[in-house]
Amino acid sequence: PVASALMAKMKMAPNERRQVKKECLRLLATLRLSPAKMKLISGFVDTYLRLSVEEEKLFKAEIATIEPERKEVIMQIVTSWMEEGIEEGIERGRQQEVLAIIQRLLTRRIGTISPELMERIRQLSLSQLEDLAEALLDFSESADVDAWLQRL
């Protein structure tokens with residue numbers, strides 16, 4: 001498992017990236033790790049060995065050539081990466097929607113929002129933004145927003 005994770009971190013030529021990622025996954029498929037360990041290591045590999053769109057297309061084509069019993073395990077890993085990416089995208093989209101609503105409500109409630117204050121608000125997590133959306137009903141000036149942010 002360690003070798004597979006370290007392969008993702010090593011320096012390599014751009015034309016070797018797909019092959020290294022494929023070998024990492026092939027190694028993981030042969031180790032018979034628990035699902036939790038598999039997810040941890042494969043997540044590390046995916047994080048540190050990001051492929052471009054073109055590399056990703058070629059990578060998927062290369063996976064198709066792997067022997068069937070290992071291919072199934074590798075496809076489960078790749079599918080879990082895709083699912084996590086979709087979930088992250090949905091959450092990011094929801095966060096942007098909540099942020100836009102907060103900006104409109106704050107502007108209506110307290111007037112112009114300084115760029116600095118807006119930047120501090122943009123740094124909030126989704127759950128913090130949801131809390132802010134509720135709290136802003138009690139605000140009457142930007143100092144109220146500042147005070148609320150200071151309490152975080």
Side-chain angles (χ1 to χ4, degrees), residues 1-108 112-136 145-146 148-152:
V2 173
S4 185
L6 290 175
M7 283 173 66
K9 260 316 253 175
M10 66 185 201
K11 301 275 186 219
M12 67 197 83
N15 62 338
E16 296 174 336
R17 297 165 42 79
R18 287 187 333 272
Q19 185 64 28
V20 170
K21 191 165 190 172
K22 181 177 135 186
E23 285 304 310
C24 288
L25 294 179
R26 193 187 60 69
L27 277 172
L28 282 175
T30 62
L31 293 174
R32 301 179 198 261
L33 299 172
S34 71
K37 286 181 182 178
M38 180 79 72
K39 185 172 182 168
L40 176 70
I41 295 170
S42 69
F44 183 90
V45 170
D46 192 47
T47 298
Y48 289 101
L49 193 47
R50 292 269 182 212
L51 301 178
S52 69
V53 174
E54 186 60 33
E55 288 174 321
E56 194 69 37
K57 287 178 190 174
L58 295 169
F59 172 71
K60 287 179 182 175
E62 290 173 7
I63 288 176
T65 66
I66 294 174
E67 55 273 15
E69 62 275 357
R70 288 198 183 129
K71 180 180 175 182
E72 183 177 335
V73 175
I74 290 171
M75 288 309 294
Q76 288 173 355
I77 295 169
V78 172
T79 301
S80 73
W81 291 342
M82 290 169 52
E83 289 170 354
E84 287 174 15
I86 290 168
E87 288 171 13
E88 287 173 16
I90 290 170
E91 178 142 340
R92 210 171 305 126
R94 183 151 187 265
Q95 188 168 358
Q96 292 303 312
E97 290 172 359
V98 171
L99 185 59
I101 291 169
I102 287 172
Q103 186 172 6
R104 287 196 328 258
L105 292 173
L106 275 176
T107 300
R108 186 166 180 186
T112 304
I113 306 167
S114 72
E116 297 82 16
L117 182 59
M118 200 58 222
E119 184 55 35
R120 288 175 59 200
I121 293 169
R122 279 190 192 94
Q123 301 302 316
L124 299 176
S125 69
L126 179 58
S127 64
Q128 290 171 323
L129 287 171
E130 290 170 341
D131 292 343
L132 176 58
E134 186 175 325
L136 69 80
V145 182
D146 279 324
W148 187 89
L149 290 168
Q150 291 295 328
R151 289 192 296 265
L152 290 180

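All values derive from a computational prediction rather than experimental measurement.
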List the atom of [X], the atom of [Y], and the distance in Å for their closest heavy-atom pair.
| X | Y | value |
| --- | --- | --- |
| Leu152 | Gln128 | CD1-NE2, 4.0 Å |
| Leu126 | Arg94 | CD2-NH1, 3.4 Å |
| Leu129 | Ile102 | O-CD1, 3.1 Å |

- request: Look at the side chain of Gln95 and the backbone N and O of Leu124, then say whether any donor-acceptor pair between them is shorter than 3.5 Å.
  value: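 Here the side-chain-to-backbone pair exists.
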
query: Is there a donor-acceptor pair closer than 3.5 Å between any side-chain N or O of Glu134 and the backbone N or O of Asp131?
result: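 Not at all, since once roles are kept as given, no pair shorter than 3.5 Å links the two residues.
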
- prompt: In terms of side-chain geometry, is the basic nitrogen of Glu119 or Arg122 positioned less than 4.0 Å from the acidic oxygen of its partner?
  reply: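 Result for this pair is yes, salt bridge flagged.
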
Euclidean distance, [Y] [atom2] relative to [X] [atom1], rounded to 0.5 Å:
| X | Y | atom1 | atom2 | result |
| --- | --- | --- | --- | --- |
| Gln19 | Glu62 | CD | CD | 6.0 Å |
| Lys57 | Leu51 | NZ | CG | 13.0 Å |
| Leu136 | Ile121 | CG | CD1 | 9.0 Å |
| Glu54 | Ser52 | CD | OG | 6.5 Å |
| Arg92 | Leu99 | CZ | CG | 14.0 Å |
| Lys21 | Phe59 | NZ | CZ | 5.5 Å |

query: In this structure, are over 12 heavy atoms from other groups packed under 6.0 Å from Arg120 atom CZ?
result: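 Enclosed: over 12 neighbouring heavy atoms sit under 6.0 Å from CZ of Arg120.
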
query: Can you tell if the side chain of Leu132 reaches within under 4.5 Å of the side chain of Val98, non-hydrogen atoms only?
result: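 Of all side-chain heavy-atom pairs linking Val98 with Leu132, none is under 4.5 Å.
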
task: State, yes or no, whether a side-chain contact exists between Thr107 and Thr112 at a heavy-atom distance under 4.5 Å.
output: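 They are not in contact (no side-chain heavy atoms under 4.5 Å apart), so the answer is no.
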
- prompt: When you check the side-chain N and O atoms of Ser127 and Glu130, is any donor under 3.5 Å from an acceptor?
  reply: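 Absent: no donor and acceptor within the cut-off.
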
